[in-house]
Amino acid sequence: MTSRVIPVSPFVLVVFGATGDLSQRKLLPALYHRDQAGQLPDEARIVGTSRRSLSEDAFRALAKKAIEEHVAARDIEPVALERFLARLSYVAADAGGKEGWDALARAAEAEEHFVRVFYLATSPDLFGPICERIGAHGLVDGRSRVVVEKPLGKDLASARRLNEAIGRVFPEESIYRIDHYLGKETVQNLMALRFANALFEPLWNAAHIDHVQITVAESLGVEGRAGYYDTAGAMRDMVQNHILQLLCLVAMETPTSIAADPVRDEKLKVLKALVPIGPHNAGQLTVRGQYRAGASAGGAVPGYLEELGAHVSNTETFVALKAEIANWRWAGVPFYLRTGKRLATRVSEIVVTFRAIPHSVFDAGAGPITPNRLVIRLQPDEGVKLWLMIKDPGPGGMRLQHLPLDMSFAEAFGVRNPDAYERLILDVVRGNQTLFMRRDEVEAAWTWIDPIIETWQETRDAPKSYTAGTWGPSASIALIERDGRTWYEDGAL
């Protein structure tokens, strides 16, 4: 089976921070893959810009090196690579000043039928100044779009300031707040599973679902991001955006269509229905952790404080939460959320556990009956498992086993699984905002998150320590096990 490639309109894409880590690891490789697949029109151009003084040849050499490092060797075709590099140009410009902007404005000029995209792969403090200068140089019209990366603020007040700064130049329908998790094939397949099959949606409610778990675990530490991470922590870095977006897709009502606003309207309702967590219940419903030295990938690894180069820090590298949604569909169903660094393995998955059968007709010799589970694996090895009770083959009576119907994307479709950025960048060109966050979504998420962080800061309790290479502090196990449940930890799909 081959994937269908749908060409996009001609465009000029201006990447701010083009010499930075995000551009080299994700953006340039993603654009190369789409060009290699024949999805970019001949006229498409990519303009890199940063404060760094580079010739166009030097920028193309940097891009070539990035692609060779971050694209599998089997996917690098010399002809396709040269065609892609020929699309690239470079203009040095000071995002916070005036230098270079006249040349950048000329480079961003395009024919009337072109889409113009500005990708801000920079620190958020530059979003407002960059947008202001884009507007001042007359580059904003009905075919212009701006893409901004997280973090979108550190709290509700700063998120509002960012949104207002961007909104003074670009209308809301031209602003694309990117969350790469929403571009993953498995995340979108969650909507397909729910809304394209008669099997699940009638059961997708409190009458049939016991609980939901969402885990985003990383085996790496903070690496070179220690400075940023110590001002953010796991709650701001992962929960406020990635994990809450996944929760919304699991819990939202059926939209009238999968167009942008119907989907985002339903996600917003979920965020507004989250039961508040604050001083009265944060101690029972939240766990903070921080990793200490341990072992990972077969070798010793340092603790967070060692990586940070500090003696003390109250920044959490692990968070576990018990969230509840106050509406008719989900009343009484807990959503257990956890994320952390230096955990036992790298895995992101959603586990929907259905309620146990009301009565067993089998005798004790058949063995225990385990509730059905739907496991949606986002990374690695994207796929879906539906765990069912079946009979163990052979004579000798009825013996039951809990086994999965297993669908691996790589095996089922036999094609390379595109990176999330490949889809999201081209969705910007298409003008499709379905997989991007709307302003009110971002602010509703912060409205729920802020009281939790404020409670932690007021209590001044240190994060609970956990050994690198484990599944986090023991308190996170207690969080779920005192409800008679346990964290799902399975092997590879």
Side-chain angles (χ1 to χ4, degrees), residues 150-160 211-217 229-248 250-251 268-292 304 312-327 330-343 441-466 470-487:
K150 77 174 184 76
L152 288 166
K154 62 179 182 178
D155 53 24
L156 177 59
S158 58
R160 282 177 171 161
H211 73 282
V212 177
Q213 298 179 26
I214 301 176
T215 295
V216 179
Y229 198 89
D230 201 53
T231 64
M235 180 66 93
R236 292 185 176 97
D237 188 53
M238 294 297 295
V239 179
Q240 187 273 337
N241 39 77
H242 300 329
I243 290 182
L244 286 188
Q245 285 293 308
L246 296 179
L247 183 151
C248 287
V250 172
L268 180 64
K269 292 176 186 176
V270 173
L271 292 169
K272 289 186 172 182
L274 284 169
V275 176
I277 297 177
H280 64 293
N281 58 1
Q284 294 75 45
L285 301 180
T286 72
V287 175
R288 303 169 70 220
Q290 186 183 99
Y291 64 86
R292 59 177 183 266
Y304 174 71
V312 64
S313 172
N314 264 359
T315 298
E316 75 283 352
T317 62
F318 176 96
V319 172
L321 302 166
K322 178 183 176 181
E324 294 188 77
I325 300 169
N327 62 21
W330 296 112
V333 177
F335 285 71
Y336 299 100
L337 318 175
R338 65 174 174 172
T339 183
K341 290 188 174 294
R342 287 287 187 219
L343 297 184
E441 278 186 81
V442 174
E443 295 180 2
W446 278 119
T447 299
W448 189 71
I449 290 289
D450 272 2
I452 303 174
I453 296 176
E454 289 167 5
T455 300
W456 290 346
Q457 291 172 340
E458 289 168 4
T459 59
R460 297 185 180 179
D461 291 337
K464 300 180 185 303
S465 66
Y466 63 96
T470 66
W471 279 106
S474 58
S476 70
I477 300 172
L479 174 73
I480 190 170
E481 290 196 346
R482 63 173 167 251
D483 293 340
R485 303 179 177 98
T486 190
W487 290 109

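Treat the numbers as computed from the prediction; the structure is a model and nothing was measured.
Here Asp237 contributes atom CG and Lys341 contributes atom NZ; the two are 6.0 Å apart, rounded to the nearest 0.5 Å. Remark: Leu244 CG to Glu441 CD distance equals 10.5 Å, nearest 0.5 Å. A distance of 10.5 Å separates CG in Leu479 from CD in Gln284, rounded to the nearest 0.5 Å. With values rounded to the nearest 0.5 angstrom, Asn241 atom CG is found 12.0 Å from Arg236 atom CZ. The line from NZ of Lys150 to NE2 of His242 is 4.5 Å long, rounded to the nearest 0.5 Å. Distance CD1/Ile480 to CD/Gln213: 4.0 Å, rounded to 0.5 Å.
In terms of heavy-atom proximity, Val319 sits nearest to Ala234 at CG2-CB, 3.8 Å. Here the closest non-hydrogen pair linking Pro473 and Phe318 is CD-CD2, 3.5 Å. For the pair Trp471 and Ser476, the tightest heavy-atom approach, listed with the atom from each and the gap, is O-OG, 4.1 Å. The shortest non-hydrogen separation linking Thr447 to Pro451 is O-CD, 3.2 Å.
Residue pairs meeting the salt bridge (charged side-chain N to carboxylate O under 4.0 Å, His left out) criterion with at least one member in residues 151-160, sequence neighbours excluded, are Arg160-Glu443. Contacts classified as salt bridge (charged side-chain N to carboxylate O under 4.0 Å, His left out) and involving residues 475-486 (residues at least two apart or in different chains) are given here: Asp210-Arg485, Lys322-Asp483.
Side chain of Thr315 to main chain of Gly233: no donor-acceptor pair is present (N/O by atom type, distance under 3.5 Å, no hydrogens or angles). Arg288 places a side-chain N or O within donor-acceptor distance of the main-chain N or O of Asn314, the cut-off being under 3.5 Å.
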Under 3.5 Å, which donor-acceptor pairs do the side chains of residues 457-465 form with other protein atoms, sequence neighbours left out?
{"residue": "Thr459", "atom": "OG1", "partner": "Thr455", "partner atom": "O", "Å": "3.1"}
{"residue": "Thr459", "atom": "OG1", "partner": "Trp456", "partner atom": "O", "Å": "3.1"}
{"residue": "Ser465", "atom": "OG", "partner": "Arg292", "partner atom": "NH1", "Å": "2.7"}

Name the atoms and distances for all side-chain donor-acceptor pairs under 3.5 Å in residues 270-282, with sequence neighbours left out.
{"residue": "Asn281", "atom": "OD1", "partner": "Gly278", "partner atom": "N", "Å": "2.8"}
{"residue": "Asn281", "atom": "ND2", "partner": "Pro276", "partner atom": "O", "Å": "3.2"}

Could you go step by step and tell me if Gln240 and Leu152 meet the side chain to side chain contact (heavy atoms under 4.5 Å, CB included) rule?
CA-CA 10 Å; Gln240 187 273 337; Leu152 288 166; 5.9 Å; no

Worked check of side chain to side chain donor-acceptor pair (under 3.5 Å) between Thr317 and Tyr466
CA-CA 10 Å; Thr317 62; Tyr466 63 96; 3.0 Å; yes

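Each of Thr339, Ile453, Ile452, Ile214 was evaluated against Val239; a single residue qualifies, Thr339, per the side chain to side chain contact (heavy atoms under 4.5 Å, CB included) test.
Here the side chains of Thr470 and Tyr291 are not in contact, with every heavy-atom distance at 4.5 Å or above.
Scored by the ring-ring contact (aromatic ring centres under 6.0 Å, His included) test, His211 finds Tyr336 as partners (sequence neighbours excluded). Phe335 meets the ring-ring contact (aromatic ring centres under 6.0 Å, His included) test with Trp330; sequence neighbours excluded.
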